[in-house]
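So the structure is just underneath, and the comments pick up after that.
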Amino acid sequence: MSAYADHIATVRARFDAALEASNFDSVLVYAGQPRLAFLDDNPYPYRVNPLFKYWIPVTQSPKSALFYQPGQKPVVFLFQPRDFWHAQAQVPKEEWQDYVELVIVDDQKKIESHLGDKLKDAALLGEDFAEPVASWPVKAWNPQALLDHLHFHRAIKTDWEVQNLRVANERAAKAHLAARAAFFAGASELEIHQAYLRAINFRESEVPYNSIVALNDHGAILHYDIYDTEAPADPARSFLIDAGATYRGYCADITRTYARDEKGFFQDLIDAVDEAQQDLLKEIKPGRDYYELHVSQHLKISAILSRFGFVEGSAESIYEQGYSSAFFPHGLGHFIGLQVHDVGGYLRNDRGDSYDRDVRHPFLRLLRPVEAGQVFTIEPGLYVVDQLLEDFSGNKDFNWDRIAELRPYGGVRIEDSIVVGENGNNENLTRDAFEKLKN
Ligand code: GLY
Ligand code: MN
Ligand code: MN
């Protein structure tokens with residue numbers, strides 16, 4: 001069986017179970033369509049419904065839909081309007097077409113007339129802001145029980161999904177190297193961003209999230225995406241880039257940090273965070289809690305804070321007093337797949353019960369036990385975020401002079417995506433992708 005054949009069999013089985021558990025006969029998955037800007041006739045970039053691309057790797061055919069009734073072949077209504085204003089995205093002959101009934105429609109009303117009475121028993125998964133879809137007489141829109149069931153099981157990736165994630169990482173790694181070269185050549189943030197896109201031949205709307213391209217102290221702004229158009233007068237001393245790519249609808253999410261001065265203290269700090277991240281990777285095994293990994297990473301970051309003299313005390317005391325959260329405020333990582341922040345990280349089971357968020361770590365997006373087949377990021381960071389440090393002003397455990405030395409560099413983050421193996425034999429999609437580029 002091919003990897004895709006196995007994937008779509010898994011998706012069918014997951015929908016069978018989810019439909020049965022939520023008491024629906026069938027489902028209509030709407031691909032979505034672009035929204036128009038307010039009072040305007042220009043659309044925002046289109047993003048396909050992730051549950052549509054879960055079935056088939058079609059990401060640029062808005063207004064299409066997929067109908068599935070357990071036991072029957074899925075029917076894909078591929079929307080190809082007769083329109084002399086716009087070009088149609090080409091949908092080449094590909095393997096997925098062997099596993100569905102393909103119906104080309106040039107008018108969405110034909111989807112309704114084709115399905116007839118079946119619509120009234122179907123759950124519709126998708127956005128409902130536009131006619132005629134908004135008036136389709138379906139049984140329910142986005143029922144939570146059906147979504148929860150599907151989202152819970154999406155955490156375990158099929159081999160085909162992992163293959164796609166591998167290629168997405170290879171694309172992103174290639175672009176990261178181009179961005180790195182642009183940084184060392186003295187480019188501005190915008191020029192680095194452009195070098196990144198050029199390296200993979202992407203338009204900006206194709207990257208899975210706004211790339212974070214941050215020189216100097218901008219690295220401390222966690223989601224920095226307002227690029228300076230001019231390079232700094234003095235060559236930038238540091239560079240943090242968090243940027244991804246997609247392949248067949250699957251996402252990469254990679255962060256690297258660079259120092260211009262290979263021998264300075266900032267390079268030492270990057271090396272320390274990198275080592276702490278790789279040490280943490282060794283702890284990933286089925287049965288561990290992701291939350292425990294997050295705490296373990298905090299202790300390693302706390303040890304760095306102590307060793308580099310930013311904060312006084314043992315790693316345990318730095319963590320226990322909440323000091324490390326001022327420097328590493330975000331979560332250790334998140335599921336990744338069809339979405340960069342893939343769904344289901346808080347779900348305890350497929351009935352929709354969720355884990356309680358932890359007040360100490362409110363931004364941690366993943367609270368589930370680690371299982372083989374999950375794919376998630378591991379992305380520790382250490383930054384000078386003045387807003388967070390204000391809470392500790394005057395605290396004698398903080399070495400403010402030392403922190404002031406780090407401030408102009410922003411901070412460090414290192415982010416890889418990991419496929420969990422059965423016995424700790426995990427796959428690092430990101431480091432493997434960079435390694436492959438060396439060959
Ligand atoms: N790029 C967003 C994140 O790392 O979660
Ligand atoms: Mn991430
Ligand atoms: Mn990221």
Side-chain angles (χ1 to χ4, degrees), residues 4-34 46-82 88-89 91-151 153-154 158 160-161 248-249 338 343:
Y4 178 74
D6 183 61
H7 170 76
I8 194 164
T10 301
V11 173
R12 285 180 67 141
R14 289 179 182 171
F15 270 79
D16 291 348
L19 288 167
E20 185 174 348
S22 53
N23 287 315
F24 291 100
D25 288 346
S26 57
V27 64
L28 184 61
V29 186
Y30 183 51
Q33 63 193 78
Y46 166 66
R47 292 219 178 202
V48 63
N49 175 355
L51 289 166
F52 184 82
K53 62 178 174 168
Y54 192 25
W55 285 90
I56 55 174
V58 173
T59 59
Q60 289 304 325
S61 295
K63 301 191 179 178
S64 299
L66 179 146
F67 179 76
Y68 177 64
Q69 189 165 24
Q72 316 269 323
K73 226 177 186 189
V75 185
V76 172
F77 297 98
L78 196 67
F79 185 67
Q80 294 193 330
R82 280 168 53 77
Q88 304 305 321
V91 180
K93 177 84 188 118
E94 282 188 312
E95 187 187 4
W96 63 266
Q97 290 160 22
D98 297 337
Y99 296 88
V100 303
E101 183 190 332
L102 188 60
V103 180
I104 307 288
V105 289
D106 60 7
D107 181 342
Q108 287 186 300
K109 293 198 184 95
K110 292 186 181 164
I111 300 176
E112 187 175 350
S113 56
H114 190 287
L115 290 172
D117 266 359
K118 287 183 183 163
L119 263 185
K120 70 176 183 358
D121 295 322
L124 199 149
L125 299 180
E127 285 191 294
D128 64 351
F129 64 86
E131 295 294 351
V133 184
S135 298
W136 281 348
V138 292
K139 188 169 174 191
W141 282 88
N142 300 313
Q144 198 60 45
L146 178 58
L147 285 172
D148 286 340
H149 205 290
L150 293 169
H151 286 178
H153 292 285
R154 257 174 61 188
T158 65
W160 185 76
E161 292 185 292
R248 288 185 173 150
L338 288 162
V343 289

ask   = If you count the non-hydrogen atoms of other residues, nucleotides and ligands that lie under 6.0 Å from CD in Glu94, is the total more than 12?
value = yes
inquiry  = Before you tell me yes or no, could you show the steps for Asp128 and Trp136 under side chain to side chain contact (heavy atoms under 4.5 Å, CB included), namely the whole-Å CA-CA distance, both residues' side-chain angles and the distance that decides it to 0.1 Å?
reply    = CA-CA 9 Å; Asp128 64 351; Trp136 281 348; over 6 Å; no
Closest approach of [X] and [Y], non-hydrogen atoms and distance?
{"X": "Phe52", "Y": "Ser64", "answer": "CZ-CB, 3.9 Å"}
{"X": "Pro50", "Y": "Leu338", "answer": "O-CD1, 3.5 Å"}
{"X": "Gln80", "Y": "Ile104", "answer": "OE1-CG2, 3.8 Å"}
{"X": "Glu95", "Y": "Ala5", "answer": "OE2-N, 4.1 Å"}

How about [X] and [Y]: do any of their side-chain heavy atoms sit closer than 4.5 Å?
{"X": "Leu28", "Y": "Leu125", "answer": "no"}
{"X": "Arg154", "Y": "Val343", "answer": "yes"}
{"X": "Tyr68", "Y": "Ser26", "answer": "no"}
{"X": "Gln97", "Y": "Val91", "answer": "yes"}
{"X": "Val103", "Y": "His114", "answer": "yes"}
{"X": "Val48", "Y": "Pro62", "answer": "no"}
{"X": "Val27", "Y": "Leu146", "answer": "yes"}

For the backbone of [Y] and the side chain of [X], can you confirm whether one donor and one acceptor N or O come within less than 3.5 Å of each other?
{"X": "Lys63", "Y": "Gln108", "answer": "no"}
{"X": "Ser61", "Y": "Leu78", "answer": "no"}
{"X": "Arg14", "Y": "His153", "answer": "yes"}
{"X": "Glu161", "Y": "Thr158", "answer": "yes"}
{"X": "Lys53", "Y": "Gly249", "answer": "yes"}

query = Does any donor atom in the side chain of Tyr99 or Arg12 lie under 3.5 Å from an acceptor atom in the other side chain?
reply = no
To the nearest 0.5 Å, how far apart are [atom1] in [X] and [atom2] in [Y]?
{"X": "Leu51", "Y": "Leu66", "atom1": "CG", "atom2": "CG", "value": "10.5 Å"}
{"X": "Glu112", "Y": "Asp107", "atom1": "CD", "atom2": "CG", "value": "10.5 Å"}
{"X": "Phe77", "Y": "Tyr30", "atom1": "CZ", "atom2": "OH", "value": "13.0 Å"}
{"X": "Asn142", "Y": "Leu147", "atom1": "CG", "atom2": "CG", "value": "5.5 Å"}
{"X": "Lys73", "Y": "Ile8", "atom1": "NZ", "atom2": "CD1", "value": "9.5 Å"}
{"X": "Leu115", "Y": "Ile111", "atom1": "CG", "atom2": "CD1", "value": "8.0 Å"}

task = Take Tyr46 and Thr59 through the test side chain to side chain contact (heavy atoms under 4.5 Å, CB included) and record every step on the way to the result.
result = CA-CA 9 Å; Tyr46 166 66; Thr59 59; over 6 Å; no
ask   = What class does the angle between the rings of Trp55 and Phe15 fall in, given that below 30° is parallel, 30 to 60° is tilted and above 60° is perpendicular?
value = tilted
ask   = Parallel, tilted or perpendicular for His7 and Trp160, by the 30°/60° rule?
value = tilted
note = Sorted by chain and number, sequence neighbours left out, side-chain hydrogen bond (donor to acceptor under 3.5 Å, both in side chains) with Gln144 holds for Asp148
request  = State whether Lys93 and Asp98 are salt-bridged, where the test is any N-O pair (Lys NZ or Arg NE/NH1/NH2 against Asp/Glu carboxylate O) under 4.0 Å.
outcome  = yes
request  = Show the numbers, then the answer: is there a side chain to side chain contact (heavy atoms under 4.5 Å, CB included) between Trp96 and Tyr4?
outcome  = CA-CA 7 Å; Trp96 63 266; Tyr4 178 74; 3.3 Å; yes
message = Can you list everything that forms a side chain to side chain contact (heavy atoms under 4.5 Å, CB included) with Lys139? Sequence neighbours excluded, please.
response = Phe24
task = Assess whether side chain to side chain contact (heavy atoms under 4.5 Å, CB included) is satisfied between Asn49 and Glu127, documenting all intermediate values.
result = CA-CA 8 Å; Asn49 175 355; Glu127 285 191 294; over 6 Å; no
